[in-house]
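Here is the structure we will look at.
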Amino acid sequence: MDEIQSETRAAEPRRPDPVVRRIGVHDVVEAFVAGLRDFQAAPLFGLFFGGIYALGGLSILLSLTRFGMPYLAYPLAAGFVLIGPFVAVGLYEVSRRREAGETLAWGQVLGVVFAQGQREMGWMAFVTLFVMMMWLYQVRLLLALFLGFQSFASFAGFLTVITTTPEGLMFLAVGNLVGAVLAATLFSLTVISFPLLLDREVDFITAMITSVRAVATNPLPMLGFAAAIAALSFVAMLPLFLGLVVLLPVLGHATWHLYRRVVEPVA
């Protein structure tokens, strides 16, 4: 019986890899416009997922203050943006349903979100969290290298040190460079893979490879999309992460529409 099953699996044809299309800057702009329309059409879903994301960021900030580590607020806030694509899975489902003309029901949307833990999406979540942990480890290492093991009484004190001393400026420069490399790497691995995994039955390795191919095929539009995400996220986090309540839904919906423009639909 086992031999028959093995032969059957071997005889199954390999699914073709997703086809990546070339896009332009106008496609990125139109994806943002479509994302804004989805948010306007289903604001409660967007505010729900955006609120969870903002609440998570605020909880992290309060925890750092509570445990006397306010100096980690900036690097942790920067790293927190990296897990946005995973939180936005529910938003991809909302956009998919609107695109297919399906009804939007809380039970169905949340059911799809929870079901992702049993699919390849769980592995992508692990990749995302692993990169975030690497980022936090690098921050602690750079703090020790450039600023020693001195403690900071407040975030304002930390800002004063990193902006007015040679060691602090070097920490800021190297830290931002390392962060940019990690962020660019994770963006390339996840920008298309998360919506692709939601949309199709593919493994997470194929999804990541497809995402990297999409960025390599369309470097300027995709890097422009990444730069827009970074700039908007920075502004949205300034008022105690509250801007993320609206920004995350728009970016999540926009990512779905960008995916639909980059990856050829299944015939």
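Keep in mind that this is a model prediction, so the values were computed, not measured.
Sorted pairs that involve residues 213-230 and meet side chain to side chain donor-acceptor pair (under 3.5 Å), not counting sequence neighbours, are lacking altogether. Within the structure, the ring-ring contact (aromatic ring centres under 6.0 Å, His included) test picks out the following pairs touching residues 99-132 (sequence neighbours left out): F45-W106, F48-W106, W123-F204.
Within 6.0 Å of CZ on R21 lie more than 12 heavy atoms contributed by other residues, nucleotides or ligands.
With a 4.5 Å cut-off on side-chain heavy atoms, T210 and D17 do not count as touching. Taking 4.5 Å as the limit, some side-chain heavy atom of E102 sits within range of a side-chain heavy atom of R96. Side-chain contact between V215 and V191 is present, with heavy atoms from C-beta onward closer than 4.5 Å. Side-chain contact between L258 and I23: present, with at least one pair of heavy atoms (C-beta onward) separated by less than 4.5 Å. The side-chain heavy atoms of F32 and V28, taken from C-beta on, include a pair separated by under 4.5 Å. Side-chain contact between H257 and D38 is present, with heavy atoms from C-beta onward closer than 4.5 Å.
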For a side-chain contact (heavy atoms from CB on, under 4.5 Å) check, start with the C-alpha distance between S233 and L251, then their side-chain angles and the critical distance, and finish with the verdict.
CA-CA 10 Å; S233 298; L251 292 180; 4.2 Å; yes
Determine, step by step, whether F171 and L145 satisfy the side-chain contact (heavy atoms from CB on, under 4.5 Å) criterion, reporting the C-alpha distance in whole Å, the side-chain angles of both residues, the deciding distance to 0.1 Å, and the verdict.
CA-CA 8 Å; F171 163 78; L145 288 175; over 6 Å; no
Could you please spell out the steps behind the side-chain contact (heavy atoms from CB on, under 4.5 Å) verdict for L196 and V202?
CA-CA 8 Å; L196 176 60; V202 298; 4.0 Å; yes
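Applying the 4.5 Å side-chain rule to ILVMFWY residues, one finds L36, L47, V245, V246, V250 in the same cluster as F39.
Of all heavy-atom pairs spanning V263 and P18, the tightest one is CG1-CB, 3.9 Å. Minimum heavy-atom separation, G46 to P249: O-CG, 3.1 Å. The shortest non-hydrogen separation linking G252 to A88 is CA-CB, 4.1 Å. Here the closest heavy-atom approach between residue A214 and residue V262 is recorded as CB-CG1, 3.5 Å. Smallest separation of non-hydrogen atoms from F49 and G90: CZ-CA, 3.7 Å.
Criterion: ILVMFWY side-chain heavy atoms under 4.5 Å apart, direct or through other members. Under it, L172 and L147 are part of a common hydrophobic cluster. In the hydrophobic clustering of ILVMFWY residues, with side-chain heavy atoms under 4.5 Å counting as a link, V174 and V161 come out together. By the rule that hydrophobic residues join a cluster once side-chain heavy atoms approach within less than 4.5 Å of another member, L247 and I52 end up as members of one cluster. Linking ILVMFWY residues whenever their side-chain heavy atoms come closer than 4.5 Å, directly or via other members, leaves L223 and L177 in distinct clusters. Both F187 and I205 sit in one connected hydrophobic cluster of ILVMFWY residues. Membership requires side-chain heavy atoms under 4.5 Å apart, directly or through other members.
Expressed to the nearest 0.5 Å, how far CZ of R260 lies from CD1 of I192 amounts to 11.5 Å. Taking CG of L197 as the start and CG of D203 as the end, the distance is 8.0 Å to the nearest 0.5 Å. R200 contributes atom CZ, which lies 11.5 Å from atom OG1 of T206 (distance to the nearest 0.5 angstrom). Atom CD of E93 and atom CG of L104 lie 8.5 Å apart (nearest 0.5 Å). Distance check, rounded to the nearest 0.5 Å: CH2 of W256 to CZ of R261 gives 13.5 Å. Rounding to the nearest 0.5 Å gives a distance of 8.5 Å between CD of E201 and CD of E120.
Between the T165 side chain and the G168 main chain, a donor and an acceptor come within less than 3.5 Å of each other. Under the 3.5 Å distance criterion, the side-chain polar atoms of S211 are left unmatched by any main-chain donor or acceptor of M208. Counting only distance, with no hydrogens or angles, the side chain of H253 and the backbone of A34 share no donor-acceptor pair below 3.5 Å.
Between the side chains of Y259 and D199, at least one donor N or O sits under 3.5 Å from an acceptor N or O.
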